[in-house]
Structures are given as C-alpha cells and as structure tokens.
Amino acid sequence: MEQDEKNNIDKQRAIMCRGGWFSRRDFIKGAGAAAAGVPIAMATSGLTGGLMDFSELDLAADDASAGGPNGNGFKRALVLYDGTGEFAWIGNVHAKQLANLIGRFLPTGARANNTVIKTVAEYTAGEMNQSQYTATFYLGQTYDNQLPTALRNDILATRKPFVFFKYNLWQIAWTPDFSADNATFVERFGFRWEGLHPGAGSTFSRVSYKGAEFAKSLLDAELGVTRVINAGQATVKAWSVDANNNEVPYIIHGRPANAIGPNGGLWYVADSPFSYMSEEDRYMVFSDVLFDMVGVTHAQTRRGLVRLEDVSAISNPAQLRACADYLSGRNAPFSIATIPIYNDPLGTWNGGVAERIPISRAATVKSAINYMRGRGGEVIMHGTTHQYQDVPNPYTGVSADDFEFFRVTENPDLSLTFHGPVPEDSRQWARGLLNNGIRELRRAGWGTPTTFEAPHYGMSEVDYLAVGGMFDWTYHRVLYFQDQSFVAERHAPTPGTTRQAEEGRRRRRERRIGNRNAGAAGGAGRAGAGTPGRGGNGGGGNGGAERAQAQAEPDKFAGQFFPYVIQRDVYRNKLLPENLNNIEPTGWPDPVEGPYMPRLPEALVRDATRNRVLRDAWASFYFHPFFDLSYLRETIEGIQDAGYEFQRASSVRS
C-alpha cells in the first residue's frame, strides 16, 4: 500500500497541540510580566456573561480624514523604564512590547524598529524635546524608583506628548514632602494625582472604552488614581470600573495651553497594560489610544484573518477540502499553516515504527492543499517538523505535538519545565533548519514561502532574528526576552520514566484517540501566556510560565500578541495579527493553576464584536481542520455579521 493511502480518517491522529493539549491560548495568553513583582503569572481567558451591552457601542470612526497611519508624520519614540530593583527585567521586557506596538506606525518599507529604549536613569535634560522624537514614554514599573531631576522638570514643561505609566507620578504631581498637590502640575495638566488604589481586595476588573467593557486581571489589581480638576484641559479616554460600577480614570490626558498639537502634554495610564494581557483585555484599549498618543489618524477599518492550523502529511484530505469549500463559499480567504515534514521518530502513532513523511511525497494531502489554494488558500510555513529530534518535547516527539526550537519537559503532575532554547541553538542552526522546510515546500510546487509561523509560537531571540532575514512576514504571537543573555541549559533533560509519567502519557493517548474517533479533538491547552507552557505573558494563556520562570532563572521573557499589523518589532519582523486565538472545545484540568475553560466560537465572536470600537479593528483566529466544521461556520459567520471582511494574508500591507 502506498504511504499516502494511509492518510485517512483513522490515520488522523488527533495531534492536539494548541488545538487542545498545547494551546497557544495558554502558551502565550498575554499575561505579560506582572507589574506587582509577580514574574509571569496566570491570566484567565473569557469574560463572564452580561459584561457588555453591544447596543451601546460607539462604532463611529475615530477619524476618517487621513487614511492609514503610515506617512502621518510619525518619526520615532523614546521609551524609558526603571532599570533598578528585583523586577527591573519586567520593565525591560514591557519596554520592548511597547516598542513593538509603536512599530505599527512605521512606514510599510521600514527595515527595523527605530524606537529608542533606555533606562530612566540614562535620560538627559531636554532629550524628550529633540526633534527626532514624536513622543516619549515612561514605564513606572519599580515602586518609588527615583526619577532624574531633568526628567521631572522636562515633564512639567513638556509641550510634546509624554506618556507616564503607573508608579512614581507622585514625584511630579505632589510637593517634595508629599503633603500637598504640586500646584504647577495641576494648573498645567488639569488633573490631580490622588494615590495608589490598594491591590488587595480591589474589584476594578473592567475598563470601559467607547461604550465597550474590557477586562483587567485582578492578579495585578493595583491602580494609580487620578481626578479631573479642569475639564477644559484634562480628558478621560478610558475608565476603570469596579464591581459596584464606581469609576476612576484608566487613561487620562492633560493638555496644557501651549501644547503642540492635540496630543501634546501629559498622558497617564493607571497600570501597565502589558501585565496579564488577554484577548479581551484593557491591553486592546491602550493599543487603540496609542494612535492618539502619537498623533496618528486612522480611518475605521474592520478586517479578518483565518488560518487553518497544523496541516501536515497525515492531515485528512476530506477535512481540508471541506474547510476550503466552506471558506470559499463565504468569501473568506485563508492561510494554510503547513508543516513541511511530518516526523514521528518514536513511532508513537505508528505502532512503534518510526515514520517521516515530507509533504511533497504525501500525494493525497498535497492534492488537497492544491485544491485549497484554488479555493482561496495560501500556504505559509509552520516550522519545519514542529517537533525536536527523537525525544518527547514535551509529549510524544510527533509533529504538531511538540516544540521545535525550545526544550520543554513534562513533570509527573503534568506541569511543564522550560529549559530554554534547544542545545544546538544558533542563528546558523536555525537558518539551516528553516531552509530545509523552505526546500520541501518548493518541492511540493508551492514556491518559496513568504510567511512563517513558529511552532507553539516558541523560539529564542536568535531564532526570531533568523526568521526576520528569511521571510517577509511572520504570523504568530512572540516571546520577548530581557536584554541579559539567555542562559539555557546545555543538555537535553531525560524524559521522565516514572509510573505516574507513563500513566499520564497513556491517558493523553487514549484521550486523543477517543476525541479523534468522536470527531471532536482536543483539550484546552497546556502552554502559558507568554512563555511556552502554561503561563507566560503575551497573548494567549498564562500560568505555567510563572512556574517555568521560577525554575529557569535567570531566563526571563514574556509573550505578546498584536491587535493590528506591526511593520517591524524589535526582532525586525513584520507581523500579521492573531488576536482572537482559537477554538478549543474541551477544557484542561490543570493540577496547579486550576481548570482552563473551553474556548468556543461564541467567545471569539464576542471578542471580535467588542473590538469594533477600535479604529484599526481585526478579528484574526486559527482553526484546526480536524474539529467539527460547525465550529468554523459559527465563528466565520459571527465575525462577518459583526462587520469584518476577511483578507488574503498576502494582500495585507498595513
């Protein structure tokens, strides 16, 4: 029997990563490094019912007078952060994440992100007023870190936009002995600083913006509280709301009489929006207000992207064709995240016999992909094998199940330990591996791929930099590391062989097979929100990363998802947004952090509907073709009913 004839429903092994067992919702949920000193912690996904009344959304365009943001006069930004204290690394990582968002406003042909990042102690007098800077930002991450006198004086006198986050505003807003308001501050900006709202017991779990309500994780509950004194000068852009519907400003803008432009003066953000971010989070609010902060106008747009995930030589051709037929019928172009080489080195799903199938030799799947391309699909490269060598990493060693560029092991309690990049990691190694995948897609007749998606979104800084020199676009969520060199373990940990670990593998295998036969793959993911694994911080899940971070000191990093196109991030990559995550029909009973709830179409549609208040609104998600097609139907039609138009990834420019 031909190898390709084995690609049938029975052979479709419910490879559950990220579609269930290792979801990127959990892998990179968006909990960023927590502001209150929690390294990278868990953030739940999903807002409770009744949180919003969509009938009250302000759907008017913010400013339809000036097209897109590129070419609107933006030059560059200066980003300052606290470089002292135990959690200075958080400020460093958040500064990079802010720089990435600022990358939205670079020209479409920009080759690198030109944001200047430095510690606040390095600030020099008059620097923010230099003509090269459109705006300056300060991330107050370390409580009571002393601000340079030059910076304090420049903020009080600024006519250009200065954006101040969370801590240390009292050093400017109050008298030196903290006994009274600084009259100059209040007179100039029209609002006063009232203090920090205690984090413990806070119920300010929502942020209201243009009639929509976004979440704020109470894992970082502390807020800086301000109050408008002169409504002619100070404007509240978004409100923090507690359980009793009490409101305090979340983002406030104080514009002095001599400000340069409508965005000049002092902006204050009550916390760090990069902490515990999620798809429905106030991070989305900040990302939109950022347009105002840098003085960029943008016509109202609503665009969608959909990606069919983990397509490999063992995918089911009938399922692939069914997805393509449906999406084509709905006028929804789509991407095909293709794994060039399927590898099962331990024979996990092949009776103990190793199996390796290049996509070019999988005739029936290749034919199905060609059919999909004719129905509006575009092939993008999803790793090379989407697994690592011949060891579980962390699960089975099988393509789509495991990491390819990161070394991860599973513990007896099913939690994960992250050991950093694989031992041989280097730019040369990464480029060689990626070139293998590129050659295979060429052999299949699909030309050189222009877009790349990292397996489980997890790579090292070196790997992301390698990708940037090989592909026009990346289409994933991303890990960002502190400036300190990433110190990885230089040996591959031995997979566990305890009875408990073996039992865990047996249960997973039975669950996968059972779900496959039932036609509903999956359990909610195992990764975190910003780190690979249960908890990181970027944009899709987040809990295990906190444990992983504690176990892998000093390896500190956080994940990020993007609400719109980023022309260049700090790795020099151009990024397509993926801001809704994916469909996961089954929850995951984590032994440490508690259950991760399923993510169903209604949640993606709800988040897309909420995002309509954003001026550059996107509804971008991915779907595993082995799930029931009804999930895809409900999601696509709900997003289209909310007013979004799906785009071809290759047609997106800004």
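Just so you know, these numbers come straight off a predicted model, no measurement behind them.
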- [ ] Report the C-alpha distance between T203 and S205 in whole Å, list the side-chain angles of each, state the deciding distance to 0.1 Å, and finish with yes or no for side-chain contact (heavy atoms from CB on, under 4.5 Å).
- [x] CA-CA 5 Å; T203 59; S205 61; 5.7 Å; no

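Counting non-hydrogen atoms of other residues, nucleotides and ligands closer than 6.0 Å to CZ of R572 gives a total of 12 or fewer.
Residues passing the side-chain hydrogen bond (donor to acceptor under 3.5 Å, both in side chains) test with T226, sequence neighbours excluded: none. Partners of P333 under the side chain to side chain contact (heavy atoms under 4.5 Å, CB included) rule, at least two apart in sequence or in another chain, are F646, R648. Every side chain to side chain contact (heavy atoms under 4.5 Å, CB included) that E645 has, sequence neighbours left out, goes to Q647. The side-chain hydrogen bond (donor to acceptor under 3.5 Å, both in side chains) search around N393 returns R407, not counting sequence neighbours. For Y138, the side-chain hydrogen bond (donor to acceptor under 3.5 Å, both in side chains) partners two or more places apart in sequence, or in a different chain, are D82, N168. Shown here are the side-chain hydrogen bond (donor to acceptor under 3.5 Å, both in side chains) partners of T301, two or more places apart in sequence or in another chain: D616.
Judged purely by distance below 3.5 Å, without hydrogens or angles, the side chains of D463 and S460 pair a donor atom with an acceptor atom. Residues Y457 and E578 have side chains that bring a donor and an acceptor to within less than 3.5 angstrom of each other. Under 3.5 Å, the side chains of Y464 and N573 contain no donor-acceptor pair of N or O atoms.
Between W267 and H253, the ring planes lie parallel to each other; the angle is under 30°, not in the 30° to 60° tilted range.
Without hydrogens or angle criteria, T474 side chain to F452 main chain gives no donor-acceptor distance under 3.5 Å. Formation of a donor-acceptor pair under 3.5 Å by the Q640 side chain with backbone atoms of R330 is found in this model.
Cation-pi geometry between R282 and F214 is not satisfied (NZ or CZ under 6.0 Å from the ring centre, within 45° of the ring normal). In this structure, R307 is not positioned above the aromatic face of F623 in the sense of NZ or CZ being under 6.0 Å from the six-membered ring centre and within 45° of the axis.
Residues F403 and P455 fail the side-chain proximity criterion, which asks for heavy atoms closer than 4.5 Å.
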